[in-house]
Amino acid sequence: MIKQLHISNYALIDKLDITFDDGLTIITGETGAGKSIILGAVSLIMGERADSKAIRDTAAKTIVEATFDIAGYTLEPSFIDNDIDWDEHECLLRREISPNGRSRAFVNDTPVQLTVLRELSTRLLDIHSQHNNMLLSQSSFQLSILDSIAGNSELLNDYRLAYQEYRDAVRRLDETQSEIERLRRDEDYIRFQLTELQGLQLKPNEDQELEATLGKLSNVTGLKEILWNVSNQLDNEENSVLERLTMLVQQLQEAEKNLDDVKGMPERVQNAIIDLKDIARSAGFIMETLNDDPAELARIEERLNSIHSLQYKHNAADVNRLLEIQHNYEQQLNEIEHNDHIIDELRALVQTKQSAAAGLARQLSVRRHDAAQRFGKELLTLATPLGMKNISFDIKCDTTDLTSSGIDRVAFMMAFNKNQALMPVKDTASGGEISRVMLCIKTIIARHMQLPCIIFDEVDTGVSGDIANRIGEMMADIAHSIQVIAITHLPQVAASGNHHLRVYKTDTEVETLTRVEVLDAQEHILEIARMLSGKDINQAAIENAKSLIKHKHND
C-alpha cells in the first residue's frame, strides 16, 4: 500500500505531502481544484512521460516521491536483478524533472532506468480510469483475468519455462538444418578441394625437407668442386696441408728435446693431422656420392610447385597449415554424411519439449475454462445491480497452437440490451458501461489474489442513485482486501470511505495553489452534505449525510 506521497513544484502544487491509510480513502473536491494534477504527478512515478510545461518554477526541479509498504510482495528478485538496496518493509520511488526537461528515476535512492521504475510501480499501484478501460478489449488482459481467478501464477511460470525450452529446441533444430543445408550446397566444392589436397598425400614439414633437397640437387657441380678442392688441398697434392703439418711435427719434436715450453705441441699438431685426414677422406667420399639426377630434381621441383600452388590457393603459410585445412574439410564431409542422426536427435528433443509444454498448456486450459464459468457467474451477479439489468456475458475460448501464454485465445462477449447478440466488448459497450464492468472485474480479482493499491479516478461518472450506492459498496468491498483510493463526485461513494481527503485551491497575493486537507468525522459529514446540496449546506443535508454514512458503515 502507498503510505506517503510528496509532490513539489508541479503545476499548481508548490509543496504537498499526503499520508494514506489502508482501507478505502475518498478524495473529493470542486472541479478544477487539482485532483487531476495530483493524479498526473502520481503518473510520473508510474513511468509516464514527463512534460516540462508542468514545472511550476522553472528555476527548480519537480520532485514526486512515494513511499510504499511492500510487506507481503515478492519484489526481492527485481531489486537484486537491478542492483537496488532491498528493504522487505518499505520501498521509495522518486522521479525528478529538471527545468530543461531531463528526467531521473530512483528506487530506494538508487538511480534506475525508467523501465525499471515503471516495472516496479505497476506492481505497487494501479490507476484505474476510463482512459485505461480499453484494456478490457485486449485478449491478453482478458486471459490474465482468468489466470488470476484460476490461481495460475505458478503453473503459468512453469509453462512459460517449458515453452521457452521448446522454442529453444526448435531454434537449434532450425539452425542445424540451415547449417547442414549450407554444407550440402557446398558439398561438391568441399569434396573437390579435399580430393585435391588428399591427392598430394602431404606429410608434416614436407615442404622444408623438399626445399633442402632441391638446394642440394640444384648445386651438385659447385658442391663437388668445393669438396674436391678441400680434399686435394688437405692431402692429395704436393706441399699439401697435411704434408706441411707432418714436417711441423718433426720440427716441434726436435725443439721439444731442448725446450720444455714446447712440450705437448707435437702431439696436439698430430691430433689435428688425424682430424684433417678424416675430413679429407669424408670430403672425398661425399664428393663420390654426389651425382647429377635431373629426373629427381624435376620431380622435386614439380612437387614443390604443386604444394606452392595449393598454399597460394588456400592462403596457407606452409604444408602443416594445408594439412589443417584438409582435416577441416574431412570433418565437414563427415558431418554431411552423418547428419541424419543429428537431425533425428534434435527432432526428438523438439517433440519432447513440445509434449511437456503442451501438457502444461492443457492443464492451464482446463483451469481457465473452469475459471471462465465461475467468473461469468460472478460478473453477472455484480454487474446486474449497477444499471445493467439486461447484461449478458459469455467467454469465447478457442484453441490455438502453442504460444507464450498457452493454447487459449479468449474473447469476452457481451450484450447490454435485450435481444442483442453477444459481441466483443469493444464493439458493444459504452464508456460508462465498461467502467462499471471493470469495477466488477477488479472486485472479483481482489477476492482471489493480492493486488497493488488501486486508484479509481471518477469511474462512477454518469451514474447516480442506487447504482452509485452499489459502486460505493463495491469499492468498500475491494478495500477489505487491498488499499483503495477513489476520486469521486458522488456522495454515495464518498460515504463508503474509511478516510476522506479534500482537494481545494487557495489564493496568495501572487498565485493560486492546490492544497489537500484530511477531514475528521465532522468534516467528513459536512463535505458529503455539500456534495448532496451544493454550497448552501442546510441541516437537512447534514442529516441526510449522517444517515448515508451510518447506512454505509452499518452494511
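Here the structure is a predicted model, which means the values were calculated and not measured.
Open room surrounds CG on D83; 12 or fewer heavy atoms of other groups in view lie less than 6.0 Å from it. The 12-atom threshold is exceeded at CD of E119, counting heavy atoms of other residues, nucleotides or ligands nearer than 6.0 Å. Open room surrounds CD on Q113; 12 or fewer heavy atoms of other groups in view lie less than 6.0 Å from it. Atom CG of N157 has more than 12 neighbouring heavy atoms from other residues, nucleotides or ligands inside a 6.0 Å radius. Around CG of N315, the count of heavy atoms belonging to other residues, nucleotides or ligands within 6.0 Å does not exceed 12.
Ion pair R182/E179 flagged as a salt bridge, since at least one NZ, NE, NH1 or NH2 atom sits closer than 4.0 Å to an Asp/Glu carboxylate oxygen. Ion pairing between a basic and an acidic side chain is recognised when a charged N comes within 4.0 Å of a carboxylate O; K442 and D126 show such pairing. Looking at E96 and R102, no side-chain N of the basic residue comes within less than 4.0 Å of a carboxylate O on the acidic one, giving no salt bridge. Taking 4.0 Å as the cut-off between side-chain N and carboxylate O, D69 and K3 do not count as a salt-bridged pair. The residues R184 and E187 are annotated as not salt-bridged, no charged nitrogen and carboxylate oxygen being separated by less than 4.0 angstrom. Salt bridge D109/R94: present, at least one basic N to carboxylate O contact under 4.0 Å.
Counting heavy atoms from C-beta on, the side chains of V64 and M46 never come closer than 4.5 Å. For the pair V107 and C91, the minimum side-chain heavy-atom distance is below 4.5 Å. Here the side chains of R347 and L173 are in contact, with some heavy-atom distance below 4.5 Å. Contact annotation: the side chain of F456 approaches that of L439 to within less than 4.5 Å [non-hydrogen atoms, C-beta and beyond]. Counting only heavy atoms from C-beta outward, the side chains of F20 and Q483 approach each other to under 4.5 Å. With contacts defined as side-chain heavy-atom distances shorter than 4.5 Å, the pair I7/I38 qualifies. Put simply, the side chain of Q193 reaches to within 4.5 Å of the side chain of K313, judged on heavy atoms. Taking the side chain as every heavy atom from C-beta outward, N328 and Q331 approach each other to under 4.5 Å.
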Report the C-alpha separation of R95 and E65 in whole Å, then their side-chain angles, then the decisive distance to 0.1 Å, and conclude whether the salt bridge (charged side-chain N to carboxylate O under 4.0 Å, His left out) test is met. CA-CA 6 Å; R95 185 88 177 273; E65 186 173 88; over 6 Å; no

What's the verdict on side-chain contact (heavy atoms from CB on, under 4.5 Å) for L16 and I18, showing C-alpha distance, side-chain angles and the deciding distance? CA-CA 7 Å; L16 193 61; I18 308 173; 4.0 Å; yes

Evaluate the side-chain contact (heavy atoms from CB on, under 4.5 Å) criterion for residues I149 and I145: first the C-alpha distance (whole Å), next the side-chain angles of each, then the deciding distance (0.1 Å), finally the verdict. CA-CA 6 Å; I149 294 170; I145 292 172; 3.9 Å; yes

Decide yes or no on salt bridge (charged side-chain N to carboxylate O under 4.0 Å, His left out) for R172 and E175, but give the supporting numbers first. CA-CA 5 Å; R172 286 176 56 194; E175 289 177 352; over 6 Å; no

So L422 and K396, side-chain contact (heavy atoms from CB on, under 4.5 Å) or not? Walk me through it. CA-CA 10 Å; L422 289 170; K396 181 182 179 183; over 6 Å; no

List the steps and the verdict of side-chain contact (heavy atoms from CB on, under 4.5 Å) for I63 and N9. CA-CA 7 Å; I63 298 176; N9 196 35; over 6 Å; no

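Separation of atoms CD1 (I471) and OG (S496) is listed at 10.5 Å; rounding is to 0.5 Å. Taken from CD in E48 to OG in S43, the straight-line distance is 5.5 Å, to the nearest 0.5 Å. One finds the CZ atom of R160 at 10.5 Å from the CG atom of L155 (value rounded to the nearest 0.5 Å). Distance check: I190 CD1 to Q332 CD gives 4.0 Å after rounding to the nearest 0.5 Å. Atom CG of L322 and atom CD of Q311 lie 5.5 Å apart (nearest 0.5 Å). Rounding to the nearest 0.5 Å gives a distance of 9.0 Å between CD of E330 and CG of L197.
Of all non-hydrogen atoms in I27 and V503, the two that sit nearest each other are CG2-CG2, 3.6 Å. Shortest non-hydrogen contact noted between L117 and I45 is CG-O, 3.6 Å. Counting all heavy atoms, side chain and backbone alike, I467 lies closest to P385 at CG1-O, 4.1 Å. G47 approaches R118 most closely through the heavy-atom pair O-NH2, 2.7 Å. The shortest heavy-atom contact between D408 and L143 is O-CD2, 4.0 Å. When every heavy atom of P491 is checked against every heavy atom of L548, the shortest pair comes out as O-CD2, 3.6 Å.
Just one of L346, I342, I343 meets the side chain to side chain contact (heavy atoms under 4.5 Å, CB included) condition when paired with Q177; it is I343.
Although no hydrogens or angles enter the test, the distance criterion places a donor-acceptor pair under 3.5 Å between the side chain of N498 and the main chain of L24. Remark: side-chain polar atoms of H499 are paired, donor with acceptor, to backbone N or O of D22 under 3.5 angstrom. Not one N or O on the side chain of R56 forms a donor-acceptor pair closer than 3.5 Å with the backbone of L12. No side-chain donor-acceptor contact under 3.5 Å links Q354 to the backbone of V350. Not one N or O on the side chain of R502 forms a donor-acceptor pair closer than 3.5 Å with the backbone of G29. For the pair D87 (side chain) and H89 (backbone), a donor-acceptor distance under 3.5 Å is present. Between the side chain of H369 and the main chain of S365, a donor-acceptor pair closer than 3.5 Å is present. With hydrogens and angles disregarded, no donor-acceptor distance shorter than 3.5 Å links the side chain of S103 to the backbone of I97. Between the side chain of T443 and the backbone N or O of L382 there is no donor-acceptor pair closer than 3.5 Å. Here the side chain of N390 pairs no donor or acceptor atom with the backbone of F416 at under 3.5 angstrom.
The aromatic rings of F412 and F375 sit tilted, their planes meeting at an angle between 30° and 60°.
A side-chain donor from one of H500 and T28 sits under 3.5 Å from a side-chain acceptor of the other. Between the side chains of D168 and Q164, at least one donor N or O lies within less than 3.5 Å of an accepting N or O. R123 and S78 form a side-chain donor-acceptor contact under 3.5 Å, judged by distance and modelled atom types alone. No hydrogens or angles considered: a donor-acceptor pair under 3.5 Å links the side chains of S98 and N100.
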